[in-house]
Amino acid sequence: SGRITTMITVDIAEPDRLYELISQSTECSREAANDYGLPDFSWLNVAHAKRGLERKQSDELLSTGLDEVESQLRRELGVTDELELVIEGFLRPAPAGGTIAFKPRPSARGTWMQESYYKLSYNMVMAWIWGLNHAGVNVVWTANMEATAIYVVAAYKEDQKKEHTTLRR
């Protein structure tokens, strides 16, 4: 339908497992949100502000290109009141320059991390992330899909509260 509702809307391109994990904790729906210019996850908070979270895996962030991701975030800022970028996995500087992306990969013996090298300088990536935060797009890092699901549910539930006590205790 292309509108943001009071429950979590999860884009159909997100993995089934991620949707299942979120739906275990709260009511949610699936739709082609990205086709309507909406982020991967969206909902209305208690004040009816439109909230959105865009999910990128660390290697996807770099392989897609920061300019393309930034254009996507700019479009999503136009349809939300608050936007976050959730980066799944982590990055580190490469010894010879560039950036190494670590992406979680499930295996029979647990989760291991897959490494991918990108020529893009780590300094440039961190400056870009700083710029997003400065421009009002909060950046959140999660270790894996399960951690992303937990964060999405926690953010949604906190958004449904009228008052918060963090830093006011």
Return yes if some donor-acceptor pair links the side-chain N/O of [X] with the main-chain N/O of [Y] below 3.5 Å, else return no.
| X | Y | value |
| --- | --- | --- |
| R30 | E14 | yes |
| N144 | T148 | no |
| D40 | D11 | no |
| E146 | L18 | no |

Closest non-hydrogen atom pair, [X] against [Y]:
| X | Y | result |
| --- | --- | --- |
| L83 | E76 | CD2-CB, 3.9 Å |
| V79 | I4 | O-CD1, 3.7 Å |
| P39 | G52 | CG-CA, 3.6 Å |
| M7 | C28 | SD-C, 3.6 Å |

Would you say the side chain of [Y] lies within less than 4.5 Å of the side chain of [X], judging by non-hydrogen atoms?
| X | Y | value |
| --- | --- | --- |
| V86 | F41 | no |
| Y36 | T9 | no |
| S58 | I87 | yes |
| Q57 | R55 | yes |

Margin query: Checking W43 against V152 for the side chain to side chain contact (heavy atoms under 4.5 Å, CB included) test, could you report, in this order, the C-alpha distance in whole Å, the side-chain angles of both residues, the deciding distance, and whether it holds?
Written below: CA-CA 11 Å; W43 60 81; V152 170; 4.1 Å; yes
Notebook entry, point to check: Any chance CD of E27 has more than 12 other-residue heavy atoms, nucleotides or ligands included, within less than 6.0 Å?
Noted result: no
Note to self: Take a 6.0 Å sphere around CD of E158 and say whether it holds more than 12 heavy atoms from other residues, nucleotides or ligands.
What the structure shows: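 Yes, because the 6.0 Å sphere around CD of E158 holds more than 12 heavy atoms from other groups.
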Next item on the list: Take N138 and N133 through the side chain to side chain contact (heavy atoms under 4.5 Å, CB included) test and state the conclusion after the steps.
Entry: CA-CA 5 Å; N138 187 38; N133 282 305; 3.5 Å; yes
Return the [atom1] to [atom2] distance between [X] and [Y], rounded to the nearest 0.5 Å.
| X | Y | atom1 | atom2 | value |
| --- | --- | --- | --- | --- |
| R51 | S42 | CZ | OG | 11.0 Å |
| S63 | K56 | OG | NZ | 9.0 Å |
| S116 | D59 | OG | CG | 5.0 Å |
| L44 | Y156 | CG | OH | 9.0 Å |
| M145 | K103 | CE | NZ | 9.0 Å |
| K50 | L77 | NZ | CG | 13.0 Å |

Decide whether [X] and [Y] are clustered together by the hydrophobic rule: side chain heavy atoms of Ile, Leu, Val, Met, Phe, Trp, Tyr closer than 4.5 Å, transitively.
| X | Y | value |
| --- | --- | --- |
| L91 | M124 | yes |
| L66 | V137 | yes |
| M126 | L62 | yes |
| L132 | V140 | no |
| I12 | Y19 | no |

Next item on the list: List the steps, then state whether side chain to side chain contact (heavy atoms under 4.5 Å, CB included) holds for E70 with L73.
Entry: CA-CA 5 Å; E70 186 174 328; L73 294 172; 5.6 Å; no
Next item on the list: Begin with the C-alpha distance, continue with both residues' side-chain angles, and end with the deciding distance and a verdict on side chain to side chain contact (heavy atoms under 4.5 Å, CB included) for V69 and W128.
Entry: CA-CA 11 Å; V69 173; W128 181 78; 3.7 Å; yes
Item checked: Test applied, ring pair (Phe, Tyr, Trp, His ring centres under 6.0 Å); reference residue, F90; option that passes from Y122, W141, F102 ->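 Only match with F90 under ring pair (Phe, Tyr, Trp, His ring centres under 6.0 Å): F102.
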